[in-house]
Amino acid sequence: MEQLTFKEFYEQFKTRISQHDLSYLKKVTSKNLIVREVREGEVMDYSYKESIMGWEQAFDHFASMDMEWKYTDHS
């Protein structure tokens, strides 16, 4: 895999996600991923497997819709 700066990777990531490229996500997501998400006070922990399943569900859900992925820079 070619070495990219974070900005280059992020731009590539946004493009590939908008194309619903699940194989790309599987390749670039760490198999050791551990995520803690807090949403409205509810804590959820998940791993690589759940992350990929979540993306797959999102891609399936939006497949027939004419939509555009939007990203917000929180840096």
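Because the structure is predicted, anything quoted here is derived from the model rather than measured. No hydrogens, no waters, no symmetry mates; every other heavy atom, side chains included, goes into these values. Index from 1, following the sequence.
Taking OG from S51 and NZ from K26, the interatomic distance works out to 11.5 Å, rounded to the nearest 0.5 Å. Distance CD/Q12 to OG1/T5: 10.5 Å, rounded to 0.5 Å. For the atom pair Q19 CD and F59 CZ, the distance stands at 10.0 Å (nearest 0.5 Å). Here T29 contributes atom OG1 and F13 contributes atom CZ; the two are 7.0 Å apart, rounded to the nearest 0.5 Å. For the atom pair CG of L4 and CD of E11, the computed distance is 11.5 Å after rounding to the nearest 0.5 Å.
S64 is linked by a side-chain hydrogen bond (donor to acceptor under 3.5 Å, both in side chains) to nothing, counting only residues two or more places apart in sequence or in another chain. Looking at residues two or more places apart in sequence or on another chain, you find a ring pair (Phe, Tyr, Trp, His ring centres under 6.0 Å) between F62 and W69. Under the rule for a side-chain hydrogen bond (donor to acceptor under 3.5 Å, both in side chains), the partners of E50 that lie at least two apart in sequence or sit in another chain are S47. Qualifying salt bridge (Lys or Arg N to Asp or Glu O under 4.0 Å) partners for D60, counting only residues two or more places apart in sequence or in other chains: none. Remark: D66 pairs with no residue by the salt bridge (Lys or Arg N to Asp or Glu O under 4.0 Å) rule, at least two apart or across chains.
Chaining together hydrophobic side chains whose heavy atoms lie under 4.5 Å apart places V43 alongside V38.
At a threshold of 4.5 Å between non-hydrogen side-chain atoms, the residues I52 and L25 count as touching. Using a 4.5 Å cut-off on side-chain heavy atoms (C-beta onward), W55 and H20 make no contact.
Side-chain atoms of K14 do not come within 3.5 Å of backbone N or O of K70 as any donor-acceptor pair.
Linking Ile, Leu, Val, Met, Phe, Trp and Tyr whenever their side-chain heavy atoms come within less than 4.5 Å puts V28 and L22 in one cluster. By the criterion of side-chain heavy atoms lying less than 4.5 angstrom apart, applied directly or through intervening Ile, Leu, Val, Met, Phe, Trp or Tyr residues, Y24 is not grouped with M53; the two fall into different hydrophobic clusters.
Nearest heavy-atom pair, I17 versus Y71, reported as atom, atom and distance to 0.1 Å: CG2-OH, 3.2 Å.
Enclosure of atom NZ in K7 is not indicated, since only 12 or fewer non-hydrogen atoms of other residues, nucleotides or ligands lie within 6.0 angstrom.
Using cut-offs of 30° and 60° on the angle between ring planes, the pair F6 and Y10 is parallel.
Of the charged side-chain nitrogens involved, none lies within less than 4.0 Å of a carboxylate oxygen, so that E42 and R39 do not count as a salt-bridged pair.
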